[in-house]
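Worth saying up front: this structure is predicted, and the values here are computed from it rather than measured.
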Amino acid sequence: MIHALVAEPPSVETRLARAERTAHRERTARLEAERIAEHGLRTLYDSKQRLQLLQHITGVANRARTIPEALAAALEAICERMNWTIGNVLMVSEDRSYVEGCDIWRATDASGVMAFIEASRRARFTTGEGLPGRVLAKGRSEWIADLGNSSMFVRAAEALHCDLGTGCAFPVLAGDEVVAVLEFYMRQTVTEDPEIVEILEQAGVQLGRVFERDRAQRALIHDALHDPLTGLPNRALFNDRLQESFERLAPARRHALAVLVLDLDGFKLVNDTLGHHAGDRVLIRVARALRDALARLETTGGCGLGGVRFSSARMGGDEFTILVEDLAGENLATRGVIDMIAAALHRALDENLGSTSESAHVGASIGYAIGSAAHVNVDQLLRDADLAMYEAKAGGRGRTVGFTDALGETLRDRARLTNELRDAIEREEFELDYQPIVTLDATEAVRGFEALIRWNHPLRGRLLPADFIDVAESSGLILFLGDWVLREACATAASWPATGGQAPFISINIAARQFAQPGFAARVRQIVLETGVEPTRIRLELTESTAIVDIEHTCAVIQEIRKWGVQTSLDDFGTGFSSLSSLHRLPFDVLKIDRSFVMAMDGQGKGDGIVRAIVALARTIGMTIVAEGIETPAQAQLLIELGCELGQGYHFGRPALASHAAALLER
């Protein structure tokens, strides 16, 4: 009989041991699960806190009105939420060669760390030097786990003294450019945490947007207050600076302030002949010359200036201004200093502009006004400087004129006369006198007349051209007067009968601005047709200085009107720029000998020789000769002997109204 083997049941001890092992495994697994869960929650919490920190810094960057405000707020938030003991800001220099502390720092516990703070808040580090310098050089974060044992940490002694263990620094980036460095320190020794580094670098990007926004705002402000071509301050900024300086001075001290107004001579010719690009290059060179000259005067104290300060600006077009501040001395002494400043500016412009062909003939007229108690606002000071500049320009190229009370009164009279002249044109207060031009022979037959404008002023009576023509030319009103004279003279000449089978001619003076007008020849033709005057009876008189401004233009216009029979006279020959070399190119029909040469004749002196030479020259090139200003029979006789054909002057008749001229023709 076979008996089955039956295993004996485990003992109680075995079962207990097995149960304990199972329980241990379960407990270990549970603890590990709890540990993993706790670590995950902690990691999640830390990540959430860091994201909240980044969001907070983003909000700070968006709300901050200034860069220091944004950096200080970010520094405080990072130190507080990440338990850094010290936070410090260093700003990058404009040339990006170094970083420097800017007195923005934060300490969560300042006890025992002030020595390190003092060593950091004003420290400067060149590129690659120390912790901030390495961040500047590399453009990314740096972490030092053990400050005391780091050879590259230049503040190691201070860190050990203050018991600091770990430090890190990260860049504030505006685009790819490092604009600031933020550094943090704590007492513990902590290894680099990539997640912390990433958060801090992201914070640096957010803070960089504050710099970008600030730059954009400053660029907008700069553009609004500076001339885009020359880079100089514009009218708005200059006026602000002038106003601030003016208000800072008591009335009795305003002689310490002066304004110079500089206007270029010959600039329009550059634009007209070489184009606006050439004109722009001239303006840029002028701005550079002014900046350099004023910088030299300010730096070296030239002309005995001492602490004088300058501000230059482009007001528009070819006009520049210079504000001079902190002048010493009273009126006469100050005036001498300003004259020396103006001379330095003229020299600088000559050196800079004379070096290039396109600007070799460009100069400057300078007017200036010195502040005084009489100036109640800056507009008056600027107005006086402007008036002085216009006076300088009216007197010729390259002049400097200072404003005086006498000049002010003269210019105010001129301004009043300009307004009265404008009103007179509207009210038709003008009329023409006609002076006879006769043959220089025994008959003294009237061959023609010269039309001369007169102004019937309501208060001052009948004014001659010398009293108002200069004002008309400088104001541009000469264009209206010239057009009226041309039409009125042609209409009057059309009404004159022929005498001795020959109709008298009419000589009409043409102003320089009138002659330079586009379409002048066409305008002459239109008036001839409308008035019905015979074109061959018209002689248009141009002064020598007008004729040679642009010889090609002069020749073209003369040739055009000559096709219709209109003749031209060269007036004031020999009194302006010598045109002997170009006279043969100018197709004038008549040459008028100026009265100054006639008056100089005495029958035996040089005056006779000059007139004889002019007559010979005119005959050589086939021109008719008219002598002006004949006042005595002796002068008339000498001119007859010298071969002059026609003459005019008081000896033959004074200028008179058209009715008198008509009566003279009838006789």
Side-chain angles (χ1 to χ4, degrees), residues 432-455 462-470 473 485 489 504-512 539-547 567-580 583 588-619 623-658 660-661 664:
L432 293 180
D433 277 357
Y434 298 88
Q435 185 173 36
I437 300 173
V438 305
T439 58
L440 290 180
D441 56 22
T443 65
E444 294 184 356
V446 176
R447 293 290 307 277
F449 294 87
E450 180 177 356
L452 302 168
I453 190 171
R454 303 292 187 259
W455 178 7
R462 207 162 189 258
L463 301 182
L464 298 178
D467 297 319
F468 61 87
I469 285 297
D470 285 347
E473 289 180 340
V485 169
F505 63 80
I506 183 73
S507 285
I508 306 168
N509 292 286
I510 302 298
R539 290 183 179 179
L540 302 184
E541 293 193 10
L542 300 178
T543 63
E544 178 184 12
S545 56
T546 299
Q567 294 189 337
T568 54
S569 297
L570 181 61
D571 197 10
D572 296 341
F573 178 75
T575 62
F577 302 100
S578 177
S579 58
L580 290 174
L583 186 61
F588 284 100
D589 303 287
V590 180
L591 188 148
K592 299 191 77 172
I593 301 175
D594 188 71
R595 67 181 64 249
S596 61
F597 298 123
V598 173
M599 292 177 63
M601 293 190 310
D602 59 6
Q604 55 186 0
K606 292 182 180 180
D608 298 21
I610 293 174
V611 173
R612 183 180 290 105
I614 294 174
V615 171
L617 176 66
R619 282 182 170 175
M623 298 175 72
T624 301
I625 308 162
V626 178
E628 296 181 297
I630 305 172
E631 298 185 358
T632 67
Q635 289 173 341
Q637 183 59 40
L638 282 171
L639 288 166
I640 292 172
E641 294 173 0
L642 292 173
C644 193
E645 305 163 66
L646 300 173
Q648 68 182 98
Y650 288 175
H651 174 61
F652 304 111
R654 292 175 178 269
L657 294 174
H660 184 275
L664 185 63

CZ on Arg654 to CG on Leu452, rounded to 0.5 Å: 13.0 Å
Rounded distance (nearest 0.5 Å) linking atom CD1 of Ile469 with atom CH2 of Trp455: 10.5 Å
Ala636 versus His651, closest heavy-atom pair with distance: CB-CD2, 4.1 Å
Sequence-distant partners of Ala547, side-chain contact (heavy atoms from CB on, under 4.5 Å), two or more places apart: Thr554, Leu570, Leu586, Phe588
Spatial distance of atom CD (Glu541) from atom OG1 (Thr543) [nearest 0.5 Å]: 10.0 Å
Trace of the side chain to side chain contact (heavy atoms under 4.5 Å, CB included) decision for Asn509 with Glu450: CA-CA 8 Å; Asn509 292 286; Glu450 180 177 356; 2.9 Å; yes
Side-chain touch Phe652/Leu440, heavy atoms, less than 4.5 angstrom: yes
Arg539 (side chain) donor-acceptor with Gly448 (main chain) under 3.5 angstrom: no
Nearest-0.5 Å distance, OG1 of residue Thr568 to CE of residue Met623: 7.5 Å
Contacts of type side chain to side chain donor-acceptor pair (under 3.5 Å), residue Thr624, not counting sequence neighbours: none
Considering all heavy atoms, the nearest Leu657-Tyr434 contact: C-CD1, 4.1 Å
CG on Leu540 to CD1 on Ile510, rounded to 0.5 Å: 4.5 Å
Nearest non-hydrogen partners of Ala489 and Ile506, listed with the distance: CB-CG1, 4.1 Å
Output side-chain donor-acceptor pairs under 3.5 Å for residues 625-634, partner residues at least two apart or in another chain, one line each.
from, atom 1, to, atom 2, distance (Å)
Glu628, OE2, Lys592, NZ, 3.4
Thr632, OG1, Gln635, N, 3.1

Polar contact flag, side-chain donor to acceptor under 3.5 angstrom, Ser569-Asp571: no
Which residues share a salt bridge (Lys or Arg N to Asp or Glu O under 4.0 Å) with Arg454, sequence neighbours left out: Asp433
Side chains of Leu646 and Thr439 in contact at under 4.5 Å (non-hydrogen atoms): yes
side-chain contact (heavy atoms from CB on, under 4.5 Å) partners of Leu664, counting only residues at least two apart: Pro436, Val446, Phe449, Arg667
Results of side-chain contact (heavy atoms from CB on, under 4.5 Å) for Leu642 - residues two or more places apart only: Met601, Val611, Arg612
His660 atom NE2: more than 12 heavy-atom contacts under 6.0 Å: no
